Amino acid sequence: MPLRARAAKRLRRISALCLGALALLTLAGARPLPAPVQEAPPAQRVQFILRSLFPVSGEPPELTAGGLPFRAAAALPCFYERRGFAPAWSDGQGPSRDVDDLLAAIEGAAGDGLNPEDYLLAELRRRAETARRSPDAAQLAELDLLFTHAFLTLGAHLRNGRVNPSAVYRDCVYESTEADLPGLLQTGLDQRRVHGVLDDLAPSHPIYRGLKLARGFYRGIVARGGWPAVPEGDTLRPGDRDPRVEALRARMEASGFAADAPEGRDLYDAPLQASVTAFQERHGLEPDGVVGKGTLEILNVPSEDRLRQIEVNLERWRWMPRDLGERYIVVNIAGFVLDVVENGRTTLDMKVVVGKPATKTPMFSDEMTYLVLAPYWNVPPNIVRNEIVPRMRRDPGYLDREGMEVFAGPGGARLSSVDWNATDGRGLSIRQKPGRKNALGRVKFMFPNPYNVYLHDTPSRSSFSRASRAFSHGCIRLEQPVELAEHLLGRDDPAWTKEKIEAIIAKGEEKGVVFKEPWPVHLVYWTVWVDDAGVVQFREDLYGRDTELEKALGLTPAAGSPALPATRSPATSTPSRP
């Protein structure tokens with residue numbers, strides 16, 4: 001069952017349970033209201049009903065929403081016990097104005113890519129209107145429970161996301177951020193800012209806010225019927241006259257790109273070329289202004305798919321730490337880029353190579369604690385078994401040419417010879433000496449993690465000229481590793497110049513350098529983001545992770561809608577680099 005359907009069913013079940021409990025309390029006579037309570041104002045009668053629904057445990061329990069999935073039902077008794085079971089959403093005359101504040105917040109959750117009906121917006125509105133017309137104690141008690149449940153659930157979703165990332169991806173770990181949601185609800189009620197408290201639970205990062213604006217823009221395009229498709233045909237180049245150019249022009253105009261046609265709508269003129277080039281830049285394509293097969297495929301992705309793509313990336317942002325650090329490194333796997341961010345400003349950026357679809361680069365946050373100059377490369381066991389051994393059987397001189405040494409297991413003696421036809425590589429350790437052929441290049445950057453991935457240099461420089469750069473076994477190869485080392489070390493000690501780093505590397509002796517202060521590192525998978533210039537950037541779903549998350553969120557594509565294209569990397573025929 002899709003997540004949205006399960007959420008709606010759960011809320012309706014809670015509503016039914018509340019109604020059934022109240023019926024037992026007030027109508028069936030199982031626990032009739034005492035005479036003094038029957039004669040009391042509605043607020044006191046609501047308090048009695050709420051107290052009757054939950055056991056009293058003595059000290060109010062501590063409760064946070066740090067763990068996923070968050071169970072709002074467990075927080076309900078906590079919230080009411082802390083406030084002595086006094087009603088939260090009604091006064092002596094009926095629903096309070098906080099009810100309208102929460103309804104507005106739930107409606108506004110659509111801007112975060114959340115579905116207001118997951119929190120039963122229409123049902124809550126009906127209950128509030130009914131209670132205003134007839135402030136019956138049983139109705140007010142049920143309204144209280146439902147509105148509290150809606151706040152706690154929406155708050156948990158804004159704080160940590162609707163789904164647990166580890167349940168969607170095996171290679172994704174983000175620590176959820178704890179929040180005392182019952183306490184925050186009480187703060188919102190005390191300060192008359194329930195809506196504001198919920199807003200504060202969502203990420204405040206400029207990229208998240210930019211994605212919300214982008215969602216509104218693309219939601220408007222979808223509401224207007226989307227954009228027209230450009231028919232297939234020959235490659236369109238600047239200067240061409242072709243009936244398909246008119247469709248191309250209409251496609252650009254529908255998505256907000258200027259495409260004036262002073263010399264006819266069927267002429268591929270300079271203004272249209274500029275629009276196509278800008279479109280290509282925003283989608284990670286070669287910005288040549290030529291509409292070939294690749295550009296045409298991206299042009300014809302439906303607007304509904306782009307809207308879902310934005311909503312998926314909003315969800316990913318809700319998984320991330322709220323404090324990324326005053327200075328940090330972020331690697332966008334889907335964008336093939338690394339940025340060093342300091343005080344909210346990108347101070348260094350570069351291209352990167354990431355894992356192949358078969359050996360994906362994982363998603364997580366950690367701390368970079370040291371780097372290694374002139375590193376050895378300890379070849380992973382799977383590469384020894386699957387690549388080195390078969391290669392040595394074909395080419396016995398391979399290891400010597402690549403500067404590799406063989407040992408009898410980790411910490412074992414160096415072996416001068418091995419019968420490669422009689423071994424599958426198990427029990428052997430291979431490392432590559434520092435030098436120009438070393439797979440890790442001149443420097444590697446370490447942040448210990450369960451996936452054993454890190455940032456490093458590479459002798460294979462040609463990969464950086466490719467638009468799609470998924471060629472590694474999972475580690476991240478850097479376009480400018482020495483510049484990154486100088487940048488990071490120099491922030492704490494200006495004596496670490498590029499010349500000093502290169503001199504150490506030239507000695508060919510491995511040297512580790514510990515940072516005075518660790519650098520937070522965030523490996524993310526953003527297929528949509530907003531850059532420093534405020535431009536929305538789209539990228540292909542390299543690993544199919546958008547599709548997996550769409551399914552988990554219940555964001556099913558419309559019938560006949562094609563999936564977003566996924567990049568595929570060519571297989572390598574020689575032992576691969578990390």
Side-chain angles (χ1 to χ4, degrees), residues 328-333 335-340 347-356 359 361-362 366-380 383 387-388 401-405 430-449 451-466 468-491 496-515 518-519 521-523 569 572 574-578:
Y328 60 89
I329 299 165
V330 59
V331 177
N332 182 6
I333 301 162
F336 309 108
V337 293
L338 174 147
D339 290 278
V340 179
T347 55
L348 180 67
D349 63 87
M350 67 186 68
K351 298 176 181 178
V352 299
V353 171
V354 300
K356 297 174 288 189
T359 53
T361 298
D366 214 304
E367 287 190 334
M368 181 185 295
T369 53
Y370 68 100
L371 59 78
V372 179
L373 303 175
Y376 281 95
W377 177 38
N378 295 298
V379 183
I383 297 181
E387 300 185 29
I388 298 291
R401 291 198 308 273
E402 296 298 318
M404 293 185 176
E405 304 170 317
I430 298 178
R431 73 175 184 178
Q432 189 176 35
K433 293 181 287 188
R436 62 183 183 86
K437 288 190 174 183
N438 187 281
L440 304 184
R442 295 159 290 175
V443 57
K444 65 178 180 179
F445 302 80
M446 303 302 293
F447 41 104
N449 61 83
Y451 305 104
N452 197 29
V453 302
Y454 41 88
L455 313 179
H456 65 84
D457 185 17
T458 175
S460 304
R461 310 305 299 173
S462 61
S463 300
F464 295 108
S465 64
R466 303 281 295 272
S468 178
R469 298 184 290 277
F471 302 106
S472 82
H473 276 82
C475 287
I476 298 105
R477 304 177 194 167
L478 303 171
E479 180 188 29
Q480 304 172 58
V482 175
E483 288 79 0
L484 179 61
E486 178 190 19
H487 189 92
L488 301 184
L489 292 173
R491 284 296 183 267
W496 281 103
T497 63
K498 185 176 181 180
E499 292 73 21
K500 178 179 178 178
I501 293 170
E502 289 179 335
I504 294 173
I505 292 171
K507 293 180 180 179
E509 299 175 0
E510 186 176 76
K511 179 180 178 60
V513 184
V514 177
F515 295 113
W519 283 81
V521 177
H522 307 285
L523 305 188
S569 298
T572 55
T574 59
S576 302
R577 305 292 184 176

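Note: hydrogens, waters and symmetry copies are ignored here, and every other heavy atom, side chains too, is used. Numbering starts at 1 and runs along the sequence shown. Note that the structure is a prediction, hence the values are computed from the model and not measured.
- Residues E387 and H473 meet the side-chain proximity criterion, which asks for heavy atoms closer than 4.5 Å.
- Cation-pi geometry between K351 and F464 is not met at under 6.0 angstrom from the ring centre and within 45 degrees of the axis.
- Between H456 and F445, the gap from one ring centroid to the other reaches at least 6.0 Å.
- Across all non-hydrogen atoms, the minimal contact from D349 to Q480 is O-NE2, 3.6 Å.
- To the nearest 0.5 Å, the span separating NE2 on H487 from NZ on K498 amounts to 14.0 Å.
- Between the T458 side chain and the G441 main chain, no donor and acceptor come within less than 3.5 Å of each other.
- The distance from the OH atom of Y451 to the CG atom of L523 is 10.0 Å, given to the nearest 0.5 Å.
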side-chain contact (heavy atoms from CB on, under 4.5 Å) between L440 and Y454, worked out: CA-CA 10 Å; L440 304 184; Y454 41 88; 3.8 Å; yes
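- Between F515 and T369, every side-chain heavy-atom pair lies at or beyond the 4.5 Å cut-off.
- Side-chain contact between M404 and W377 is present, with at least one heavy-atom pair separated by less than 4.5 Å.
- Between L488 and M368, the closest side-chain pair of non-hydrogen atoms falls below 4.5 Å.
- Looking at every heavy atom in both residues, Q432 comes nearest to E402 through NE2-O, 2.8 Å.
- F471 places none of its side-chain heavy atoms less than 4.5 Å from the side chain of T359.
- One distance of note links CG of L371 with CG of L455; it measures 10.5 Å at 0.5 Å rounding.
- Rounded to the nearest 0.5 Å, atoms CG (L484) and CG (L348) are 6.0 Å apart.
- Remark: the backbone N or O of Y376 is paired with a side-chain donor or acceptor of E510 at under 3.5 angstrom.
- Note that the CD1 atom of I501 and the CD atom of E483 stand 9.0 Å from one another [nearest 0.5 Å].
- Contact check on E405 versus R431 returns a salt bridge, with a Lys/Arg side-chain nitrogen under 4.0 Å from an Asp/Glu carboxylate oxygen.
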Full working for side-chain contact (heavy atoms from CB on, under 4.5 Å) between V513 and L489: CA-CA 9 Å; V513 184; L489 292 173; 3.7 Å; yes
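- Considering every non-hydrogen atom in both I505 and A374, the closest pair reads O-CB, 4.1 Å.
- Environment of CZ in R401: crowded, with over 12 heavy atoms of neighbouring residues, nucleotides or ligands closer than 6.0 Å.
- Counting non-hydrogen atoms of neighbouring residues, nucleotides and ligands closer than 6.0 angstrom, the NZ atom of K500 exceeds 12 such neighbours.
- In this structure the side chain of E502 reaches within 4.5 angstrom of the side chain of V482, judged on heavy atoms.
- Ring geometry for H522 versus Y328: interplanar angle over 60°, hence perpendicular rather than tilted (30 to 60°).
- Side-chain atoms of R477 never come within 3.5 Å of backbone atoms of D457 as a donor-acceptor pair (strictly under, hydrogens ignored).
- Nearest approach of P481 to R442, heavy atoms of both residues: CG-NH2, 3.6 Å.
- D366 and P448 make their closest contact through OD2-O, 3.0 Å (heavy atoms, listed as atom of the first residue, atom of the second, distance).
- The two residues P362 and I333 make their nearest non-hydrogen contact at O-CD1, 3.4 Å.
- Note that CE of M446 and OH of Y370 are 4.0 Å apart. Values are rounded to the nearest 0.5 Å.
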Check against side-chain contact (heavy atoms from CB on, under 4.5 Å), D339 and N332: CA-CA 8 Å; D339 290 278; N332 182 6; over 6 Å; no
Full working for side-chain contact (heavy atoms from CB on, under 4.5 Å) between V353 and L478: CA-CA 7 Å; V353 171; L478 303 171; over 6 Å; no
